[in-house]
S.K.: 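The structure that follows is given in the form of structure tokens.
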Amino acid sequence: MEAKALLIFNPNAGSEEINALDLLSKITVLISGTIVDIYETTGDGDQEAIKEKLANTKYALVVIAGGDGTIKLGAACVEDQCPMAILPLGSANGLANCLGIKSLDDAWDALKQMDTLNMDGVMVDDHLCLHLADFGFNANLIHRFEEGDSRGMIGYVKSSLGEIFSTNISQFVLETDGEKIEFEAHMLVIANGDRYGTGAVINPDGDLSDGRFEVIAVLVEGVEDLIQLSIGLISGERKERNSIRSWTLKNCKIQNHSGAKFQIDGELMGTPSEITVGIRPGIFRFVHKTPDVVEKDDVSIENSTS
Ligand SMILES: Nc1ncnc2c1ncn2[C@@H]1O[C@H](COP(=O)(O)OP(=O)(O)OP(=O)(O)O)[C@@H](O)[C@H]1O
């Protein structure tokens with residue numbers, strides 16, 4: 001019997017004109033012997049509709065074509081460790097980047113390779129975080145970005161220059177294993193993945209499948225800190241400095257004493273005064289692109305490994 005795959009397609013993601021039927025034919029060519037159903041999102045009632053589709057049909061693979069919001073929608077619907085593959089169509093594509101998928105070509109390579117990763121989910125109170133959440137600088141940036149009319153990377157970079165000079169220092173308390181650590185930071189990041197969708201590596205120790213997350217506090221006190229931070233974000237290498245502190249944890253509480261803005265995976269969450277963070281190890285199975293891609297001619301969904 002032929003295996004079935006579901007393609008979840010967000011026609012509104014990103015700015016490029018991409019057609020669901022073109023994606024479908026490419027998937028069918030890459031994964032032999034597969035019937036692909038399409039679900040096109042509308043922005044209204046998608047979660048219920050996708051859950052119903054998944055309950056009625058046994059899919060061997062769910063391919064999610066969109067930005068971080070669409071990936072999160074798909075991940076919230078898929079159960080039973082059904083593998084998910086990302087076609088990055090969004091403006092930033094944070095989780096795809098963490099999975100080694102920086103472009104649509106990478107996504108096709110990953111689908112050919114069909115290697116899967118048992119990925120952790122980070123729970124922030126009742127909210128799922130797939131790759132990064134943060135207080136302060138980046139959340140402000142997203143806020144500014146949503147208020148403006150610019151989309152895409154150029155708008156993001158333009159906004160970030162202004163934001164660097166206007167983010168206030170906030171007071172935080174990190175509580176873990178009975179220890180309370182008080183500190184000041186421009187940005188406090190909760191990281192499952194290692195990088196933002198822009199490619200900036202905020203968490204060089206990040207491993208999506210290690211059963212842990214990192215908390216990273218960034219305090220930029222002068223030009224030298226800013227230069228070193230920028231070099232680290234670009235190169236992915238970090239020298240020990242007072243401006244960046246990092247903890248690898250399984251759970252913690254964070255108090256946000258200055259009312260810094262908070263975001264999870266690009267979605268603004270207001271200014272919570274306290275959050276509780278925990279990890280759910282290996283709850284998702286995502287197709288990723290490993291550096292040593294081995295070309296395979298004829299791949300079927302059953303070839304996938306974890
Ligand atoms: N058919 C549609 N028309 C309008 N909006 C839609 C439609 N389908 C989904 N959406 C909206 O798209 C948003 C999710 O977009 P997504 O995050 O995937 O892409 P993006 O914003 O381009 O990418 P990124 O998060 O990488 O910036 C949700 O707010 C959802 O409501």
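Read the numbers this way: they start at 1 and go in the same order the structure lists the ligands and their atoms. Predicted, not measured: the structure shown is a model, and the values here were computed from it.
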S.K.: Within the structure, is a non-hydrogen atom of Gly266 found at a distance of less than 4.0 Å from ligand 1?
M.R.: no
S.K.: Check each of Asn10, Asn12, Thr41, Leu89 against atom 3 (N) of ligand 1 and report the one with the nearest heavy atom.
M.R.: Asn12
S.K.: Which donor-acceptor pairs under 3.5 Å do the side chains of residues 77-90 make with protein atoms, sequence neighbours left out?
M.R.:
unit_1, atom_1, unit_2, atom_2, d
Gln81, NE2, Gly282, O, 2.9
Gln81, NE2, Ile283, O, 3.1

S.K.: Using a strict 4.0 Å cut-off to heavy atoms of Ser91, name the atoms of ligand 1 that fall inside it.
M.R.: 22 (O), 23 (O), 24 (P), 26 (O), 27 (O)
S.K.: Any luck finding a side-chain donor-acceptor pair between Arg285 and Thr116 under 3.5 Å?
M.R.: yes
S.K.: Keeping to residues at least two apart or across chains, list the side-chain hydrogen bond (donor to acceptor under 3.5 Å, both in side chains) pairs with something in residues 47-58.
M.R.: none
S.K.: Is Ala13 in polar range of ligand 1, meaning some N or O pair under 3.5 Å apart?
M.R.: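 Between Ala13 and ligand 1 (N or O atoms, distance only) the closest approach is not under 3.5 Å.
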S.K.: Provide the number and element of each atom of ligand 1 under 4.0 Å from a heavy atom of Gly90.
M.R.: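 That gives atoms 22 (O), 23 (O), 26 (O) of ligand 1.
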S.K.: Please determine, by modelled atom types, if Ser209 and Asp207 share a side-chain donor-acceptor pair under 3.5 angstrom.
M.R.: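 There is such a pair between these side chains.
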S.K.: Number the atoms of ligand 1 from 1 as they appear, then name those within less than 4.0 Å of a heavy atom of Gly14, with their elements.
M.R.: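 Counting atoms of ligand 1 from 1, those under 4.0 Å from Gly14 are 22 (O).
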S.K.: Atoms of ligand 1 less than 4.0 Å from Pro11 heavy atoms?
M.R.: 1 (N)
S.K.: Side-chain contact test, heavy atoms from C-beta onward, threshold under 4.5 Å: evaluate it for Ile190 versus Cys129 and give yes or no.
M.R.: no
S.K.: Ring centres of Trp247 and Phe172 under 6.0 Å apart?
M.R.: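 No: the rings miss the under 6.0 Å criterion.
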S.K.: Pick whichever of Asn93, Asn97, Leu95, Thr70 has a heavy atom sitting closest to atom 18 (O) of ligand 1.
M.R.: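 It is Thr70 whose heavy atom sits nearest to atom 18 (O) of ligand 1.
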